Amino acid sequence: MKKIAIHQTAAPQLIAPLDSFDIEAPIKDCVKHFNKSVAVEEFIEGHTLRHLSLSSSSGFYFLYDAARRDINYAVQYSTVEIPAPPHETNPPCIKGARQVFVWRNRAADSAFSAGIADKVFWEYLMPKYGCLVSDSQQTDAGKAFWQHQITKSLKKGLSVRLINLKTKEAKEIKTLKDFSDVLHTAWGKEPWFQNLIFAIHP
């Protein structure tokens with residue numbers, strides 16, 4: 001069995017840690033399943049971007065340095081059901097995927113690994129699932145990541161929705177002006193903000 005390094009300097013980049021959440025657990029899970037069938041998606045400057053499917057609805061994409069036997073970056077994803085708005089009989093997006101955990105080895109080249117979450121978002125998860133949603137809890141880095149993706153999506157002509165999980169209401173975000181108008185009402189520290197998520201789809 002290959003020995004994979006797990007760095008204590010690791011930190012979540014998109015999802016705020018909960019009191020009961022073990023930051024290292026997803027990486028340990030990735031290592032535990034490492035000897036299973038892991039698909040090599042592409043080679044990137046001496047690293048391999050690999051896909052580890054844990055089930056039909058969850059898995060990892062991770063950046064592996066074979067020379068050091070080290071995981072430098074990992075993105076865990078899962079699928080999620082999206083509630084249909086009450087007045088829509090055929091909503092465009094009822095199931096999507098989200099990046100539930102992003103981990104970076106701070107000892108590695110941060111400039112090199114910084115674009116991996118973006119690459120996984122656009123080149124792997126979006127083509128596979130057709131709809132990506134934000135998580136209900138995010139760090140400031142996660143908020144910035146999603147603001148960037150929403151801005152990019154609107155420029156690409158993709159559809160963006162702000163969904164209230166409690167009321168099931170969905171607000172269409174059609175322009176950058178629309179997005180600017182909801183910036184200060186879509187994120188916050190109060191618990192009820194966890195009811196709000198964004199969805200991006202064609």
Side-chain angles (χ1 to χ4, degrees), residues 12-18 21 26 41 51 53-61 73-103 114-202:
Q13 296 297 299
L14 296 182
I15 309 304
L18 306 177
F21 187 71
E41 299 293 343
H51 179 217
S53 178
L54 299 181
S55 70
S56 61
S57 61
S58 66
F60 285 94
Y61 285 93
Y73 205 94
V75 177
Q76 184 183 16
Y77 68 90
S78 68
T79 58
V80 59
E81 300 291 333
I82 303 170
H87 304 299
E88 290 190 28
T89 57
N90 188 27
C93 188
I94 59 174
K95 187 175 184 179
R98 62 184 177 184
Q99 294 176 319
V100 296
F101 184 83
V102 173
W103 178 94
I116 299 303
D118 193 79
K119 172 182 279 291
V120 169
F121 189 98
W122 288 109
E123 298 181 23
Y124 292 94
L125 295 181
M126 182 61 83
K128 183 175 182 178
Y129 293 103
C131 179
L132 298 183
V133 300
S134 61
D135 201 79
S136 59
Q137 296 188 58
Q138 295 179 326
T139 62
D140 287 340
K143 176 182 175 181
F145 178 86
W146 265 89
Q147 288 178 349
H148 174 68
Q149 304 308 340
I150 291 169
T151 300
K152 183 184 292 187
S153 298
L154 292 171
K155 291 180 177 179
K156 287 175 174 280
L158 299 179
S159 296
V160 177
R161 288 183 156 204
L162 176 60
I163 300 171
N164 188 314
L165 297 175
K166 186 174 183 179
T167 66
K168 299 183 180 180
E169 295 289 343
K171 178 181 177 60
E172 294 282 353
I173 308 296
K174 297 181 178 180
T175 65
L176 292 174
K177 172 67 166 53
D178 290 344
F179 183 42
S180 177
D181 289 343
V182 301
L183 272 178
H184 299 296
T185 58
W187 281 278
K189 295 183 179 180
E190 290 77 11
W192 67 268
F193 278 103
Q194 294 182 29
N195 293 318
L196 302 178
I197 63 169
F198 282 97
I200 297 173
H201 59 91

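Keep in mind the model is a prediction, meaning the values are calculated, not measured. Count residues from 1 along the sequence.
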Hey, could you give me the CD/OG1 distance between Gln147 and Thr151, rounded to the nearest 0.5 Å?
7.0 Å
When rounded to the nearest 0.5 Å, the distance separating CH2 of Trp146 from CH2 of Trp187 is 9.0 Å
NZ/Lys166: more than 12 non-hydrogen atoms of other groups inside 6.0 Å:
no
Is the closest side-chain donor-acceptor distance between Tyr77 and His51 under 3.5 Å?
yes
Does the pair Glu172 and Arg161 meet the rule for a side-chain contact (heavy atoms from CB on, under 4.5 Å), with working shown?
CA-CA 5 Å; Glu172 294 282 353; Arg161 288 183 156 204; 2.8 Å; yes
Could you walk me through whether Phe198 and Phe179 satisfy the side-chain contact (heavy atoms from CB on, under 4.5 Å) test, starting with their C-alpha distance in whole Å, then the side-chain angles of each, then the deciding distance to 0.1 Å, before giving a yes or no?
CA-CA 11 Å; Phe198 282 97; Phe179 183 42; 4.0 Å; yes
For Gly96 against Ile82, the heavy-atom pair lying closest together
N-CD1, 4.0 Å
Looking only at heavy atoms, what is the nearest atom pair of Trp122 and Pro127, with distance?
O-CD, 3.2 Å
What's the spacing between Ile173 CD1 and Ile200 CD1 if we round to 0.5 Å?
11.0 Å
So, taking the atom named CG in Asp178 and the one named CD1 in Ile150, what distance separates them when rounded to the nearest 0.5 Å?
12.0 Å
Is the shortest heavy-atom distance from the side chain of Val75 to the side chain of Phe60 under 4.5 Å?
no
At their closest point, which heavy atom of Leu125 faces which heavy atom of Tyr61, and how far apart are they?
CD2-CE1, 3.9 Å
Within 6.0 Å of NZ in Lys128, more than 12 heavy atoms from elsewhere
yes
Mind checking the CG-CG spacing from Asn195 to Leu165? Nearest 0.5 Å is all I need.
6.0 Å
Any side-chain to backbone donor/acceptor pair from Gln99 onto Ala117? Under 3.5 Å, distance only.
yes
If I compare all heavy atoms of Cys131 with all of Ala199, which pair ends up nearest, and what's the gap?
SG-CB, 4.3 Å
How many angstroms lie between atom CZ of Arg98 and atom OG of Ser134, to the nearest 0.5 angstrom?
9.0 Å
Please tabulate, for side-chain N and O atoms in residues 153-160, each donor-acceptor pair with protein atoms closer than 3.5 Å (sequence neighbours left out).
| unit_1 | atom_1 | unit_2 | atom_2 | d |
| --- | --- | --- | --- | --- |
| Ser153 | OG | Gln149 | O | 2.7 |

Quick check: do Ile163 and Glu169 have side-chain heavy atoms less than 4.5 Å from each other?
no
